[in-house]
Amino acid sequence: MRSDSKVAGRLAPALVLAAALLSAAGVRTARTQGERPAYLDPARPLEARVEDLLSRMTVEEKVALVHADNRFSTAAAPRLQIPQRQLSDGPHGVREETVGRDVSQAVGRTDDFATFMPALVGLAATWNTGLAGAYGATLGEEARRRGKQIMLAPGMNIMRTPLNGRNFEYLGEDPFLVSRMVVPYIRGEQAQEVASCAKHFVANDQEFERNTINVEMDERALREIYLPPFRAAVEEAGVLTVMSAYNKFRGTYCSESDYLLNKILKDEWGFKGLVVSDWNAVHSTRGSVLGGLDLEMGTVGKPFDEFYLARPFLEGVRKGEFPMSVLDDKARRNLRAMFATRAFDGHATPGSINTKEHQSVARRVAEESFVLLKNDSDALPLNTEKLTSVAVIGENAVRLQAYGGGSARIKAFYEVAPLEGILRRVGERVNVTYSAGYGEKSGADAAERAVRAARQADVVVYVGGLNHTLGLDSEGADRKDLKLPYAQDELLVRIVEANPRTIVVLLGGGPVEMGPWLSRAPAVLYAWYPGMEGGNALARVLFGDASPSGKLPFTFPARLEDSPAHALGAYPGKGGTVRYAEGLLVGYRWFDAKKLAPLFPFGHGLSYTHFEYSNLRLVEGKDAKGPTLAVTFDLTNAGDREAAEVAQVYVGDLKSSLPRPSKELKGFAKIFLKPGERNTVTIALSRDAFAFYDPARPGWVAERGDFRVTVGASSRDAKLEGNFTLAQTTVGK
Ligand code: GLC
C-alpha cells in the first residue's frame with residue numbers, strides 16, 4: 001500500500017470505513033496505517049502473537065494452515081504475511097529437493113547436497129548424549145540454510161523385530177536409551193530454529209502392511225515400551241511436531257486416534273505443538289478432525305484443496321459439523337510451531353552446510369558408533385609397522401550408502417567409503433588390494449579372486465553386511481531373515497580359511513546371524529551406515545588412532561526364532577492385525593526372561609583397553625517426586641590406550657505386584673579415560689527408575705520393597721551389584 005501523505009489523506013476515510021467493515025466481519029486488517037500488529041512483534045510473548053494472528057484470520061486462512069499445498073509445503077497467506085512452510089526429511093540429513101504431488105521425484109538440482117550423517121541406529125550405539133545434541137544441531141543448521149521449517153525426524157520406533165526394514169532409522173530396542181538419545185537430538189535441532197518431528201506415533205514397528213496393519217498391544221507395553229521416547233520428546237525436549245503413524249492402533253488409524261493424539265499426547269502430556277500425518281496416511285475428514293490431527297500431508301490422488309482437512313473440513317465448519325474451536329486449536333498449534341521457529345521474524349543467521357564442524361560431528365559419531373563385537377588376541381588394532389599388505393574385500397568397502405533406504409536418503413556432498421578411508425590412512429605405506437568378493441555387480445569369479453587376494457595378503461579387512469536394497473535396510477519392506485545376503489557366509493568361510501587374520505567389518509542397521517565363519521574370524525566390528533566420513537572414521541579405529549567405544553543398542557540373537565516376536569509367531573501378524581504378544585518382553589527383557597543366550601547382548605561392545613569397576617556405593621536421597629538413588633562407583637582404565645566405556649545401570653524389582661522384566665536399563669554414562677586414569681562415576685536414579693505402569697490406578701507405581709541395582713559393561717556383563725529397598729510405595733504420572 002502506498003504511504004505518501006497525499007494518497008493517505010484521500011484514502012484515510014475509506015480505510016477507516018474498510019477497517020470498520022472488516023473488523024465487524026471479525027477480520028482485522030494486518031496493518032492499518034503505521035501500526036505494527038502484535039503478532040509481527042518478536043518482543044511479544046509467543047501465545048499473545050498466536051492469539052493476535054488467529055483473531056485476524058478468516059476461516060479459509062485457518063484451514064489453509066492445516067493441509068499441504070504441495071508435497072512438502074503448506075500455503076502462504078500473503079494478506080497476513082503468513083509464509084509458506086517447507087517440511088523436509090530426514091533423520092540423517094536434509095533430503096534433496098523433489099517435485100511431484102504423489103511421489104517425491106528428484107529434480108537434480110546442484111544446490112541441495114547435504115551432510116550425510118551416520119544412521120540413527122549408529123548414533124544410538126554411541127550412547128553419547130552430547131554427540132546426539134551435536135548431531136541434531138548439525139541437521140538444524142543445514143535445514144535452516146535450506147529454508148526448512150520442519151525436519152521430519154527423529155524416528156523413535158522400537159526394534160521389536162530385527163527384520164524391520166527401517167531399524168537403521170531408529171535407535172534400537174530399549175525405550176530408556178532411545179529416550180535419552182532423542183531428547184538432546186531434538187533440543188540441538190530445535191535450538192537452530194527448526195522444528196523436529198517425533199515419529200511415527202505410535203507402533204509403526206514394521207514395514208509389512210504398514211499402511212493398514214492394526215497393532216494390538218496391552219496397556220503396559222504401550223506405556224512402558226512404545227510411548228516413553230515420544231513422552232520424553234514432548235515433556236523434556238519440547239518437540240514442536242509429532243508425526244502420526246500409518247498403521248492402526250487398537251482398530252483406529254493413528255491419524256484419527258483420539259486416544260493417542262488427544263487423550264495421551266495432548267491432554268496427558270500437554271503437547272502444544274502440531275500432529276502432522278505421515279504421507280498419505282489420512283483417511284477421513286471427521287476422523288482426523290476430531291481425532292486430533294493438525295496437518296495433513298501427502299494424500300494421494302486428491303487436489304490439495306480437496307484434502308480431507310481442506311474444503312471438506314471448511315464446509316464442515318461452515319455447516320456447524322465441527323466447532324470453530326476445533327479448527328482454532330489446530331490453527332494455534334501450527335502457528336505456535338511457526339512462531340517458535342521464527343517463521344514470521346526471519347532467522348538471525350542463515351545457517352550453514354557441510355562445514356568442517358559438520359564433517360567433524362559426522363566423523364565423531366561414526367567413530368564412536370562402531371561396536372567391537374569380538375577381538376581375539378588383540379587382532380585389532382592393526383599395526384602398520386608390521387604390515388606390508390592388506391586385502392580389502394567386500395562390496396560394502398566401496399558401495400555408497402547415502403542415497404538409499406527410502407525417505408531417509410541423502411544427496412551427500414561426498415561419502416568416504418571404507419576402502420577410500422583405508423587407502424587414505426595407510427595406502428602410502430602398505431600395499432592395499434581390493435576385490436569385491438560378492439555383490440550385485442561382481443563377476444562369477446569374484447569369490448575366487450577374493451580368496452586368492454586373501455591368501456596373498458598379511459591381513460584381510462572384509463567389509464560386508466547389508467545395504468539399502470529394498471528387502472534389506474530400506475523403508476517399504478522388511479527383511480526376510482537375518483542372514484547375510486549375497487552368500488557372504490560361504491565366502492567368509494573360504495576367506496578366513498585362506499587367511500586366519502581376517503578382520504570382519506559389517507555394515508547394516510540391525511542384527512545378522514553369523515555363520516560358521518564367526519568362530520574363525522579373530523575380530524568383528526559392526527559399523528552401521530557410518531555416513532559421509534565413515535571410511536575415515538573406520539580407518540582411524542582399524543589402525544588404532546581411536547579405540548572403538550560403541551555398545552549395541554539392541555540384542556543380536558543367535559537365531560531369528562530366539563527373538564520374542566518370532567518365537568511367539570507375533571510377526572508380521574495375520575488378517576491385517578499384529579498382536580504384540582511379547583508385551584513388555586522386548587529385546588533383552590525376553591532373553592533374560594527365557595534365559596536365552598544371545599549371540600551378542602544388548603549393551604555389548606569391546607574396547608582396545610579394559611576397564612575395572614570398583615567401590616560401588618548406593619546412596620538414597622529424596623526429590624520432589626519421591627526417593628532417589630545415587631549409584632556411585634569407580635571406573636579405571638587398566639590398559640595402555642585412551643578409550644571410553646559406557647557403564648550401564650540396570651534395575652530389577654525383586655518382588656512386584658505385577659509381572660516385570662528381571663532387569664531394565666535405567667541409567668548410563670560414557671566415560672573417557674586415559675591409560676591408568678580412574679574416575680568416580682555417579683549415575684542418579686529418580687523414583688521413575690523403580691516404577692512400573694499400573695493400568696488399574698492408572699499411574700506409575702514405585703512399589704515398596706527390594707530392588708537389585710547392577711552396574712555393567714553390557715546387559716550380560718555385570719561388574720558391580722547392590723540391593724536397595726524402597727521404604728514406601730509412591731504413585732506418579
Ligand atoms: C514416508 C515416511 C516418513 C517420511 C514421510 C515423508 O512415507 O514414513 O517417515 O517422513 O513419508 O517423506
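Counting convention: from 1, in listed order, for ligands and their atoms alike. Nothing fancy with the numbering, it's 1 onward along the sequence.
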Point-to-point distance, once rounded to the nearest 0.5 Å, from OG of Ser563 to CD of Glu173: 8.5 Å
Closest non-hydrogen atom pair between Val178 and Leu171, with its separation: CG2-O, 3.5 Å
Closest protein heavy atom to atom 1 (C) of ligand 1, given as residue, atom name and distance to 0.1 Å: Glu475 OE2, 3.2 Å
Ile150 side, atom CD1; Thr74 side, atom OG1 - distance, nearest 0.5 Å: 7.5 Å
Subset of ligand 1 atoms that lie under 4.0 Å from at least one heavy atom of Met243: 10 (O)
Test item: Ser73 side-chain N/O and Asp69 main-chain N/O as donor-acceptor pair under 3.5 Å: no
Close-contact set for ligand 1 against Arg95 heavy atoms, below 4.0 Å: 12 (O)
Numbering as shown, the atoms of ligand 1 that approach Leu152 to under 4.0 Å (heavy-atom distance): 10 (O)
Test: Lys302 cationic atom under 6.0 Å from Tyr308 six-membered ring centre, within 45° of axis: yes
Those atoms of ligand 1 less than 4.0 Å from some heavy atom in Lys199: 3 (C), 4 (C), 9 (O), 10 (O)
Identity and separation of the nearest protein heavy atom to atom 7 (O) of ligand 1: Tyr246 OH, 2.7 Å
Note, Tyr529 side chain near His468 side chain (heavy atom, < 4.5 Å): yes
Shortest protein heavy-atom distance from atom 8 (O) of ligand 1, along with the residue and atom involved: Asp278 OD2, 2.7 Å
Part of Arg71 within contact of ligand 1 (heavy atoms, under 4.0 Å): neither
Option passing salt bridge (Lys or Arg N to Asp or Glu O under 4.0 Å) with Arg363 (candidates Glu368, Glu357, Glu533): Glu533
For atom 4 (C) of ligand 1, the protein heavy atom that lies nearest, with its residue and separation: Asp89 OD1, 3.3 Å
Ligand 1 contact by Met297, heavy-atom criterion under 4.0 angstrom: no
Donor-acceptor contact present, side-chain Glu193 to main-chain His347, <3.5 Å: no
Residue part near ligand 1, for Glu169, under 4.0 Å between non-hydrogen atoms: neither
Nitrogen or oxygen atoms of Trp279 and ligand 1 under 3.5 Å apart: no
Region of Met151 that comes within reach of ligand 1 [heavy atoms, distance under 4.0 Å]: neither
Salt bridge (Lys or Arg N to Asp or Glu O under 4.0 Å) partner of Asp112, chosen from Arg95, Lys148, Lys411: Lys411
